[in-house]
Amino acid sequence: EKLRLLMEGQESFEVTFRNFKELQKQWFAAGVVPPQNLKDLWDSYNYFVEKFNDYVRINRDLRALDLKKNLELKEKLCERTEELENEPNIVQAFKVLQKHHTQWREIGPVPRDNRDDIWERFKQATSVINRKHQEYHTRLKESLHENLEKKVELCKKVEEIAAGKYDS
């Protein structure tokens, strides 16, 4: 009965697996049963152990599918992030990049074999946009300083003109 309830539970796979192992220990520690109940008990026990093994297999298959799907999503996200390099408006590209980072976190894990490679690809595409964004702000600051100098010069000229005496 506990084995049946275990598979109907909503706990995480790790918790369910630990509980299953604990129930197996209890089963073997329970001792001898009357011979007339032995076959039915063993059949029932083996049925639920087989069901649990199916559950484990399905869980692994679903996990593998989920990891594969996540990898595909992250590859597409890398492609879209790499395309941002061609965006003429770097401020807009940077805003989109921030959304891509949020999506990256939300997608979830990928297979271990691909984890480092896909992260490096995304990080490389991100660093290109970040560098362009940094350069944009550096140029903007420089142009603001240049504009300030030009305006100060214009103010000096206006002050010279205003300081003069005019009859008309």
Side-chain angles (χ1 to χ4, degrees), residues 3-25 48-164:
L3 283 171
R4 184 185 66 76
L5 291 174
L6 180 68
M7 285 180 281
E8 293 174 2
Q10 299 296 318
E11 296 158 337
S12 71
F13 179 74
E14 291 78 17
V15 171
T16 303
F17 192 78
R18 273 194 310 257
N19 290 341
F20 175 77
K21 289 299 184 185
E22 183 58 37
L23 287 174
Q24 275 190 316
K25 285 181 188 175
F48 285 112
V49 167
E50 187 175 315
K51 284 284 192 193
F52 184 78
N53 288 332
D54 289 344
Y55 169 74
V56 168
R57 218 175 352 271
I58 288 170
N59 192 309
R60 284 188 184 135
D61 291 346
L62 288 175
R63 176 105 171 115
L65 283 174
D66 192 44
L67 293 174
K68 182 181 177 188
K69 177 188 66 95
N70 289 347
L71 178 61
E72 290 170 2
L73 290 172
K74 285 190 174 183
E75 286 173 340
K76 288 177 184 172
L77 189 61
C78 284
E79 289 170 10
R80 292 195 325 260
T81 303
E82 290 164 347
E83 289 169 4
L84 286 176
E85 184 176 352
N86 301 324
E87 170 65 43
N89 184 340
I90 191 62
V91 174
Q92 180 61 29
F94 187 76
K95 287 179 184 178
V96 172
L97 178 65
Q98 300 313 305
K99 291 177 184 174
H100 286 188
H101 273 275
T102 300
Q103 291 171 348
W104 181 272
R105 286 187 295 276
E106 291 171 353
I107 289 174
V110 298
R112 287 184 201 269
D113 297 348
N114 306 98
R115 192 173 297 156
D116 292 338
D117 292 339
I118 195 73
W119 170 244
E120 281 301 316
R121 182 178 175 189
F122 184 69
K123 191 170 79 170
Q124 179 64 34
T126 294
S127 67
V128 168
I129 302 305
N130 283 334
R131 188 175 346 98
K132 283 186 170 191
H133 189 250
Q134 181 93 23
E135 290 169 0
Y136 167 79
H137 280 286
T138 302
R139 285 191 312 272
L140 181 63
K141 282 182 183 178
E142 289 171 0
S143 70
L144 290 176
H145 286 294
E146 289 172 11
N147 291 345
L148 177 63
E149 290 172 10
K150 289 176 184 176
K151 287 185 178 187
V152 166
E153 280 299 314
L154 286 172
C155 287
K156 287 179 184 176
K157 289 180 182 178
V158 169
E159 288 170 350
E160 287 175 14
I161 293 171

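Counting from 1, the numbers follow the sequence of the chain as shown. Because only heavy atoms are used, hydrogens play no part in the values below, and waters and symmetry mates are left out as well, while side chains stay in.
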(message) Ignoring hydrogens, what is the shortest heavy-atom contact between Gly108 and Lys74? Give both atom names and the distance.
(response) O-NZ, 2.9 Å
(request) Give every residue pair that meets the ring-ring contact (aromatic ring centres under 6.0 Å, His included) criterion with at least one member in residues 69-93, sequence neighbours excluded. (result) none
(message) For a 4.5 angstrom cut-off between non-hydrogen side-chain atoms, does Ser127 reach Gln124?
(response) yes
(message) Walk me through whether Lys123 and Glu120 qualify under salt bridge (charged side-chain N to carboxylate O under 4.0 Å, His left out).
(response) CA-CA 5 Å; Lys123 191 170 79 170; Glu120 281 301 316; 3.2 Å; yes
(request) Evaluate the side-chain proximity of Lys132 to Glu87: yes if any heavy-atom separation is below 4.5 Å, no if none is. (result) no
(request) Measure the spacing between CG of Leu77 and CD of Glu106 and express it to the nearest 0.5 Å. (result) 10.5 Å
(request) With rounding to the nearest 0.5 Å, note down the distance linking CG in Asp61 to CG in Asp66. (result) 12.5 Å
(request) Find the distance between CD1 (Ile90) and CG (Leu140) and round it off to the nearest 0.5 Å. (result) 13.0 Å
(request) Say whether, by atom type as modelled, one donor and one acceptor occur between the side chain of Asn70 and the main chain of Val110 under 3.5 angstrom. (result) no
(request) Keeping to residues at least two apart or across chains, list the ring-ring contact (aromatic ring centres under 6.0 Å, His included) pairs with something in residues 134-161. (result) His133-His137
(message) So, taking the atom named CG in Leu84 and the one named CD1 in Ile129, what distance separates them when rounded to the nearest 0.5 Å?
(response) 5.0 Å
(message) Listing request: all side chain to side chain donor-acceptor pair (under 3.5 Å) pairs with a residue in residues 90-101, at least two apart in sequence or in separate chains.
(response) Thr81-His100, His101-Thr126
(request) Taking the side chain as every heavy atom from C-beta outward, state whether Glu153 and Lys156 have any pair of such atoms under 4.5 Å apart. (result) yes
(request) Look at atom CZ of Arg115 and say whether more than 12 heavy atoms of other residues, nucleotides or ligands are closer to it than 6.0 Å. (result) yes
(request) Fit a plane to each ring of Trp104 and Trp119, take the angle between them on a 0 to 90° scale, and name the class: parallel (under 30°), tilted (30 to 60°) or perpendicular (over 60°). (result) tilted
(message) Would you say CD of Gln24 has more than 12 non-hydrogen atoms from neighbouring residues, nucleotides or ligands within 6.0 angstrom?
(response) yes
(request) With rounding to the nearest 0.5 Å, note down the distance linking CZ in Phe48 to CG in Leu23. (result) 11.5 Å
(request) Measure the CG-CZ distance between Leu62 and Arg60 for me, rounded to the nearest 0.5 Å. (result) 12.5 Å
(message) Please determine whether side-chain contact (heavy atoms from CB on, under 4.5 Å) holds for the pair Leu71 and Glu75, giving the CA-CA distance in whole Å, both sets of side-chain angles, and the decisive distance to 0.1 Å.
(response) CA-CA 6 Å; Leu71 178 61; Glu75 286 173 340; 3.9 Å; yes
(message) Are Phe94 and Asn130 packed together at the side-chain level, in the sense that at least one heavy-atom pair is separated by less than 4.5 angstrom?
(response) yes
(request) Compare all side-chain heavy atoms of Lys25 with those of Lys21 and state whether any distance is below 4.5 angstrom. (result) no
